[in-house]
*Asks:* 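First, the structure itself, so that you have it in front of you.
FYI, side chains are in, hydrogens and waters are out, and symmetry mates aren't considered; it's all heavy atoms of this structure. Count residues from 1 along the sequence.
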Amino acid sequence: KNFLFGRLRRLSLGAADFAKKAGFYPFYKPIYETLRRPFYELLCPRGIQCIEAEGMQIYVDGRDYVIASDLITYGSYEKEESDFVCKYLEPGMVFADVGANVGCFSLKAARKVGAGGRVYAFEPDPHNFDLLSRSIRANHLSQVIPVPKLVSNQTTDCRFFLSPGVVSSADWFSKWI
């Protein structure tokens, strides 16, 4: 399966590049996005995987169609956004990743702030927190402090709900809602 998925990944990336150069990417993208999920579910690796993405070891759950599928398929997740954030980070700075998930932003920020900086990675979901912690250890990033807490603009009790069927997604609601 991993061999087939790797072949499919290279084929889809090549087709996307061709579509962009040929000028029909707007027509290609909806077709690709429609077919991507069924192919991913059919061929994706199952269970916990340690993958290499952007020069880092990241632990993901193969069932995660959102973040893991992008990391496995494209080798990155929200690359433009994380590059933008990291552009402003310098050695010795402090960075807070609120909703760190498996650590894509945290790990990248840790490389920028270096050993003299700090990255606080807040992730309330126990499953994702475990994957985040594994990724931090795998990359030997002692400047990343994982925090298993939900962050809010309020001090209150709340309920934290894991989204059924989506490994990387959760939501929280105040007790008054």
Side-chain angles (χ1 to χ4, degrees), residues 2 5-6 9 37 40 44-177:
N2 286 347
F5 191 77
R9 175 184 175 193
R37 185 172 188 151
Y40 180 79
C44 76
R46 299 286 184 232
I48 306 301
Q49 304 286 316
C50 182
I51 61 168
E52 185 169 332
E54 296 194 59
M56 299 174 290
Q57 300 298 312
I58 301 179
Y59 280 85
V60 297
D61 189 323
R63 298 172 299 160
D64 174 8
Y65 174 68
V66 181
I67 295 172
S69 73
D70 276 8
L71 287 169
I72 292 168
T73 305
Y74 304 118
S76 65
Y77 176 73
E78 293 185 348
K79 182 170 175 27
E80 293 81 16
E81 292 87 346
S82 62
D83 284 349
F84 176 79
V85 169
C86 286
K87 181 169 69 171
Y88 296 98
L89 293 176
E90 296 176 5
M93 291 180 104
V94 175
F95 178 77
D97 187 357
V98 178
N101 202 279
V102 297
C104 298
F105 279 71
S106 296
L107 301 177
K108 203 167 180 178
R111 290 194 301 190
K112 291 292 285 189
V113 302
R118 288 286 175 266
V119 174
Y120 294 93
F122 296 91
E123 178 50 53
D125 178 325
H127 181 64
N128 287 334
F129 184 80
D130 177 58
L131 297 174
L132 167 68
S133 299
R134 289 184 190 194
S135 298
I136 293 166
R137 285 191 303 274
N139 291 284
H140 310 287
L141 297 171
S142 60
Q143 68 268 42
V144 181
I145 293 95
V147 183
K149 301 282 183 191
L150 178 100
V151 175
S152 172
N153 65 345
Q154 305 172 33
T155 302
T156 184
D157 290 330
C158 66
R159 293 180 188 209
F160 182 72
F161 296 94
L162 299 176
S163 299
V166 182
V167 177
S168 66
S169 181
D171 207 348
W172 67 275
F173 295 95
S174 165
K175 66 180 178 181
W176 293 286
I177 295 179

*Asks:* Just verifying a value: how many Å separate Tyr59 OH and Ile136 CD1, rounded to the nearest 0.5 Å?
*Replies:* 12.5 Å
*Asks:* Could you check whether any side-chain heavy atom of Leu71 comes within less than 4.5 Å of a side-chain heavy atom of Cys104, counting everything from C-beta outward?
*Replies:* yes
*Asks:* For Gly75 versus Ala53, what's the shortest heavy-atom pair and its separation?
*Replies:* O-CB, 3.4 Å
*Asks:* Can you find a pair of side-chain heavy atoms, one from Lys108 and one from Lys79, that are under 4.5 Å apart?
*Replies:* yes
*Asks:* Would you indicate whether the side-chain heavy atoms of Pro146 and Phe129 approach each other to under 4.5 Å?
*Replies:* yes
*Asks:* Give me the one residue out of Val113, Val119, Asn139 that meets side chain to side chain contact (heavy atoms under 4.5 Å, CB included) with Val144.
*Replies:* Val119
*Asks:* Let me know which of Asp130, Leu107, Asn128 forms a side chain to side chain contact (heavy atoms under 4.5 Å, CB included) with Val102.
*Replies:* Asn128
*Asks:* So do the side chains of Ser76 and Asp70 get within less than 4.5 Å of each other, counting heavy atoms only?
*Replies:* no
*Asks:* Could you state the interatomic distance from OG (Ser106) to CE (Met56), rounded to the nearest 0.5 Å?
*Replies:* 10.0 Å
*Asks:* Can you name the closest pair of heavy atoms from Cys50 and Gln57 and give their distance?
*Replies:* SG-OE1, 3.4 Å
*Asks:* Compare all side-chain heavy atoms of Val85 with those of Phe95 and state whether any distance is below 4.5 angstrom.
*Replies:* yes
*Asks:* Does any N or O in the side chain of Asn101 come within less than 3.5 Å of the main-chain N or O of Gly103, such that one atom is a donor and the other an acceptor?
*Replies:* no
*Asks:* Enter the distance from Asp61:CG to Ile67:CD1 here, rounded to the nearest 0.5 Å.
*Replies:* 11.5 Å
*Asks:* Is a side-chain N or O of Gln49 found less than 3.5 angstrom from the main chain of Ile51, in a donor-acceptor match?
*Replies:* no
*Asks:* Run the numbers on Glu123 and Val147 for side chain to side chain contact (heavy atoms under 4.5 Å, CB included), then give the verdict.
*Replies:* CA-CA 6 Å; Glu123 178 50 53; Val147 183; over 6 Å; no
*Asks:* Do Tyr120 and Val94 have side-chain heavy atoms sitting under 4.5 Å apart?
*Replies:* yes
*Asks:* Tell me, with the steps shown, if Glu90 and Lys112 meet salt bridge (charged side-chain N to carboxylate O under 4.0 Å, His left out).
*Replies:* CA-CA 6 Å; Glu90 296 176 5; Lys112 291 292 285 189; over 6 Å; no
*Asks:* Can you list the steps and then say if Ile48 with Val60 is a side chain to side chain contact (heavy atoms under 4.5 Å, CB included)?
*Replies:* CA-CA 6 Å; Ile48 306 301; Val60 297; over 6 Å; no
*Asks:* What distance do Phe105 atom CZ and Leu89 atom CG have between them, rounded to the nearest 0.5 Å?
*Replies:* 11.0 Å
*Asks:* Could you tell me the separation between the CZ atom of Arg137 and the CG atom of Leu141, rounded to the nearest 0.5 Å?
*Replies:* 12.0 Å
